[in-house]
Amino acid sequence: MKGAPQMADSHTFICRCSAEFKGMASSPPQGWSRIGEELICDDCTSALHFTFGNASEAPPTPIRASGKDSATAILLRSGVYLDLADPDCTRIAPADIAAGLRQLRFAGQSAKPYTIAQHSLLVLRLVDPVANQLRNQAAAQSLRRCALLHDAAEAFIHDITRPLKSQLPDYRAYERAFEDRLFSEFGVEWTKVRKGIVKRADIAALAIEKRELLDCHDPWPILERLTGNERWAALNTPLGRIWSLDEAEARFLDAFNALFPQHERIAA
């Protein structure tokens with residue numbers, strides 16, 4: 001765990017997960033809490049106490065070879081079962097992630113069916129200019145990997161719309177714990193800087209999608225987080241053609257194979 005959040009300036013407070021608010025430390029907004037000397041968001045508060053299953057119970061039974069008899073297991077594209085009560089992410093293949101990300105964003109309410117896979121590749125496209133400026137190629141590649149897989153957990157636990165997710169603290173804690181296991185398995189290394197870059201690209205992607213898919217002109221507060229340059233990028237980056245589910249799956253898998261060469265995955 002990292003220490004107390006740092007102050008970007010005299011009135012901006014940054015949580016360990018890079019969430020931030022502007023205001024007075026004595027009056028944190030709804031969704032933030034003080035634990036000792038630390039101000040943290042409710043997501044991180046939940047994660048502090050979260051483990052898979054009930055800690056007071058016996059350790060979970062190891063996942064069986066098939067898992068087909070478990071009421072909490074799902075069948076993956078690769079033919080194996082993943083027990084969501086105690087997910088063994090070593091069982092997940094890249095094809096399983098690509099298949100799961102065929103799911104639609106915006107609860108399927110956009111004018112055209114738009115997949116999480118295509119969104120993930122849009123975020124990668126927005127992050128790529130930043131990665132290209134890094135002198136350390138390993139760091140650049142790690143940033144791209146974070147961008148591509150930032151929503152990978154949703155392949156298995158679904159894309160819960162943001163307004164609903166804000167009402168489900170237990171789900172958000174589970175999501176974080178699942179992501180930790182999944183990222184660890186695929187060697188995705190997050191830093192505070194990478195989280196910030198990918199998060200802002202994610203918001204810029206949302207602005208592009210809102211403009212081109214939702215025909216919505218209402219102000220969305222989350223989009224106010226974008227800086228001037230980020231707003232310019234969002235306004236001048238076209239979404240392009242909307243891919244079919246099959247094409248989105250195939251393109252995501254191609255990008256994955258480019259960023260995670262087979263020999264690296266075997267070594268991991």
Side-chain angles (χ1 to χ4, degrees), residues 52 62-108 110 112-128 131 141-160 174-190 194 198 201-202 205 209 239-268:
F52 284 102
I63 299 174
R64 294 180 291 278
S66 68
K68 63 182 180 181
D69 297 325
S70 173
T72 55
I74 59 174
L75 177 63
L76 305 184
R77 173 69 67 81
S78 59
V80 304
Y81 283 81
L82 180 68
D83 192 341
L84 295 180
D86 184 28
D88 177 6
C89 290
T90 64
R91 302 175 66 80
I92 295 174
D96 299 325
I97 300 175
L101 295 184
R102 292 163 57 101
Q103 297 175 69
L104 303 183
R105 273 174 61 79
F106 306 112
S110 56
K112 296 180 180 180
Y114 181 71
T115 63
I116 307 170
Q118 185 165 0
H119 164 79
S120 299
L121 287 165
L122 174 59
V123 172
L124 175 60
R125 176 153 54 109
L126 292 168
V127 163
D128 201 51
Q141 197 76 335
S142 292
L143 176 58
R144 294 186 183 101
R145 291 175 174 181
C146 289
L148 181 67
L149 293 189
H150 76 282
D151 280 339
E154 294 177 1
F156 311 100
I157 59 177
H158 296 289
D159 178 20
I160 305 298
Y174 179 93
E175 180 183 44
R176 285 182 181 278
F178 188 100
E179 286 175 336
D180 285 345
R181 293 190 181 191
L182 184 62
F183 293 148
S184 176
E185 170 58 24
F186 285 94
V188 178
E189 300 176 349
W190 288 93
R194 289 173 194 157
V198 173
D202 196 23
E209 294 158 354
L239 182 58
R241 179 174 58 84
I242 305 302
W243 306 328
S244 69
L245 272 62
D246 288 345
E247 182 179 0
E249 177 183 353
R251 284 177 176 265
F252 180 91
L253 194 55
D254 286 345
F256 183 96
N257 290 333
L259 290 175
F260 295 83
Q262 182 67 24
H263 71 275
E264 291 188 16
R265 300 204 299 275
I266 293 174

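Below, all heavy atoms of this structure are taken into account, side chains as well, without hydrogens, waters or symmetry copies. Being a predicted model, the structure only gives us computed values, none of them experimental.
With hydrogens and angles ignored, the 3.5 Å screen pairs a side-chain donor or acceptor of Q103 with a backbone N or O of E154. Side-chain atoms of D202 never come within 3.5 Å of backbone atoms of V198 as a donor-acceptor pair (strictly under, hydrogens ignored).
In this structure, the side chains of I242 and T115 stay at 4.5 Å or more apart for every pair of heavy atoms. Side-chain contact between S120 and F256 is absent, with no heavy-atom pair separated by less than 4.5 Å. Using a 4.5 Å heavy-atom threshold, the side chains of E189 and R194 count as touching. Proximity of D88 to D83: side-chain heavy atoms (C-beta onward) are nowhere separated by under 4.5 Å. Counting heavy atoms from C-beta on, the side chains of K112 and R241 never come closer than 4.5 Å. Side-chain contact between E249 and L101 is absent, with no heavy atoms from C-beta onward closer than 4.5 Å. Residues F178 and L84 are in side-chain contact: their nearest non-hydrogen atoms beyond the backbone lie under 4.5 Å apart. For the pair E209 and L122, the minimum side-chain heavy-atom distance is below 4.5 Å.
Heavy atoms only, all atoms of each residue included: R145 and G187 are closest at NH1-O, 4.4 Å. Across all non-hydrogen atoms, the minimal contact from L149 to V188 is CD1-CG2, 3.6 Å. Here the closest heavy-atom approach between residue H150 and residue F183 is recorded as O-CZ, 4.4 Å. Across all their heavy atoms, L182 and A153 have their closest contact at CD2-N, 3.7 Å. The two residues L126 and A201 have their closest heavy-atom pair at CD1-O, 3.5 Å. Residues I74 and F156 approach most closely at CD1-O, 4.0 Å, considering heavy atoms.
Atoms CZ and CG, from R144 and D128 in turn, are 4.5 Å apart once rounded to the nearest 0.5 Å. Remark: R125 CZ to Q118 CD distance equals 8.5 Å, nearest 0.5 Å. Rounded to the nearest 0.5 Å, atoms CD1 (I92) and CD (E185) are 8.0 Å apart. Summarising the geometry, atom CD belonging to Q141 is positioned 11.0 Å from atom SG belonging to C146; distances are rounded to the nearest 0.5 Å. Here the straight-line distance linking atom CG of L104 with atom CG of D159 works out to 9.0 Å at 0.5 Å rounding. A distance of 10.0 Å separates CG of L76 from CD1 of I97, quoted to the nearest 0.5 Å.
For the side chain to side chain contact (heavy atoms under 4.5 Å, CB included) test, residues two or more places apart in sequence or in another chain that qualify with S110 are F106, Y114, L213, L214. Under the rule for a side chain to side chain contact (heavy atoms under 4.5 Å, CB included), the partners of A93 that lie at least two apart in sequence or sit in another chain are S78, D96.
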One pair to check against side-chain contact (heavy atoms from CB on, under 4.5 Å): I116 and H158. What are the steps and the verdict? CA-CA 10 Å; I116 307 170; H158 296 289; over 6 Å; no

